[in-house]
Protein chains: 2
Amino acid sequence: MTTVDATALRNPQRPGPRRQEVVAGIKDYILRNRLKPGDLLPTEAELCEAVGASRSSVREAVKILSALDIVEVRHGHGTFVGRMSLNALVESLAFRGLLSGEEDHHVLGQVVDVRQILEQGLAADIISVLDDEHRADLSTLADEMVDLASQGRDFLEVDRAFHLKLMEPLGNDLILQLTEAFWQVQAIVAPTLRTEPEDRLITAQRHRAIVDAATAGDPEALRSAIADHYAPIRTSIARAVQS
Amino acid sequence: MTTVDATALRNPQRPGPRRQEVVAGIKDYILRNRLKPGDLLPTEAELCEAVGASRSSVREAVKILSALDIVEVRHGHGTFVGRMSLNALVESLAFRGLLSGEEDHHVLGQVVDVRQILEQGLAADIISVLDDEHRADLSTLADEMVDLASQGRDFLEVDRAFHLKLMEPLGNDLILQLTEAFWQVQAIVAPTLRTEPEDRLITAQRHRAIVDAATAGDPEALRSAIADHYAPIRTSIARAVQS
DNA sequence: AGGAATTTGTGCGTATGTATC
DNA sequence: AGATACATACGCACAAATTCC
């Protein structure tokens, strides 16, 4: 036998375009066989035979599924079930932001809004699940950010780690991935703004304030600290819109 | 002349796979020419010539971009700039939910968590921007839901309209689209649960309570009403996990 | 109404690059 | 290092859908 049984893929006559039948067929195949991320799929040739379509159609369908991270293609190796990450959300939103940017940065502003809403909305939960270890980690990250910022260096990766660490103890993968996704969108779109070095230092220090408020256990103070943390980029956006 | 000038697409030697160069090239083309959603792109043949790739590669690249709704292909008509909706998020998340479902519904649970967090996190803002017209609309929708539920009929579309209406006055397109996206994911994944008719009636009535709390202008009461509204589906999920 | 032109959709054959054993 | 299996890329021919004359 080959890699897997590919005969369970055939689906009766569906009206739509060929390529979309293949997309649905591959999805059905994954569901029917209870495949998990990382599992191997049939080869292109086997998929062709199974669904009765040509390589072109199968390839285009696989490309659509890979764009959604439903499958993952490794050149010369095979096609595997993907991790269904939110990369597609990042790609789509980031491009929308780049397209609307350059003049009016309203998409970037909306992303900042959502990030703030999520973190503020979770303030009470964050406090209630925060333990000493996470608090220490956050504190270290905040200190690193202030150090880097005071040296005039950027602290992108530390900032990313901080916001992920803040959400981590909640134990909700989706929230973690949304946090990551919106952070990435902002990281891609924000460079179209010119940011003042002073603002960067202020932003770094505001992370320190977030840790302090969380440590104090005051949800209202934490919500304020989070809002303050996003204030510099909001003013940057407002400044860019005026000019 | 043809549709547009396609000669501004060429991009010098990039290391990656051919198809990905084409993806980047088409993105650059859209950005460089400041195209907006709905604008026409060059034909496949023109794109091939512009980027120096074969039609197969161009087509696969276009399919990737169409999966992200960055472009939209209309058979026999042409390729256009897409609306960059969050369909990709829905597809990816919904499939993840279907894959994890059938036994443990933890993805569905996380989606419910996020929906609740967003609505609760925005409770105060919702109250502060709510005007009489929106309140009346929400009230009508809630009544419709109770009517339908008491007749044993489903009220999917009304439910969708209600949650969108709740977010609408905030004036943030992204929040609106995220609300829509998560609602759709839940609508796709939730049918793998068997829901009791009683729960549906209770859910309908809880929308009435949300409107009342928002009208009263009490943020804390609104947050409670929102949490209560998601309680039935949470118990359905918990019940399914046990069995 | 009808048919030609344009554009995307599909199928197939072949050659090449790449990873694994 | 060689062999095998696989995805990648290219080019052409024809089908299907849409538009326009």
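Chain letters run A, B, ... following the sequence lines, proteins first, then strands; residues in each count from 1.
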Checking contacts here: which listed nucleotide (dC10(D), dT8(D), dT10(C)) is nearest the side-chain heavy atoms of E44(A)? dT8(D)
Would you call K165(A) and E133(A) a salt bridge, taking side-chain N to carboxylate O under 4.0 Å as the test? no
Rounded to whole Å, how long is the line connecting atom CD of E49(B) with atom P of dG11(D)? 12 Å
Near DNA chain C, under 4.0 Å by heavy atom, which residues of residues 58-74 of chain B? R59(B), K63(B), V73(B), R74(B)
Give a yes or no on whether a salt bridge exists between E44(A) and R55(A), defined as a side-chain N under 4.0 angstrom from a carboxylate O. no
So does S56(A) reach the base of dG11(C) with its side chain, donor to acceptor, closer than 3.5 Å? yes
Between E21(B) (CD) and dC10(D) (P), how many Å, whole number? 9 Å
Is R83(B) salt-bridged to D69(B), cutoff N-O under 4.0 Å? no
Residue P17(B), side-chain heavy atoms: nucleotide from dG11(C), dC6(D), dA9(D) that is nearest: dA9(D)
Any T79(B) side-chain nitrogen or oxygen under 4.0 Å from OP1 or OP2 of dT8(C): yes
The nucleotide from dC10(D), dT10(C), dA7(D) with an atom nearest the side chain of S57(B) is dC10(D)
Can you tell whether the side chains of R160(B) and E157(B) come within less than 4.0 Å, N to carboxylate O? yes
I need the CZ-P distance between R19(B) and dA9(D), as an integer number of Å. 5 Å
Atom-to-atom span, CG of L47(B) to P of dG11(D) - whole angstrom: 15 Å
Hey, does E60(A) have a side-chain heavy atom less than 4.5 Å from the side chain of V62(B)? no
Do you see a donor-acceptor pair shorter than 3.5 Å between the side chains of H134(A) and D131(A)? yes
Using whole Å, report how far CZ of R55(A) lies from C1' of dG11(D). 15 Å
Heavy atoms from other residues, nucleotides or ligands near CZ of R234(B) exceed 12 (cutoff 6.0 Å): yes
Could you walk me through whether F162(A) and E144(A) satisfy the side-chain contact (heavy atoms from CB on, under 4.5 Å) test, starting with their C-alpha distance in whole Å, then the side-chain angles of each, then the deciding distance to 0.1 Å, before giving a yes or no? CA-CA 10 Å; F162(A) 181 92; E144(A) 284 182 43; over 6 Å; no
Salt-bridge contact R34(A)-D39(A) (side-chain N to carboxylate O under 4.0 Å): no
Protein-nucleotide distance (F80(B), atom CZ; dT6(C), atom P), rounded to Å: 16 Å
Base-contact (B) and sugar-phosphate-only (S) positions in nucleotides 15-21 of chain C, heavy-atom cut-off under 4.0 Å, - elsewhere: --BBS--
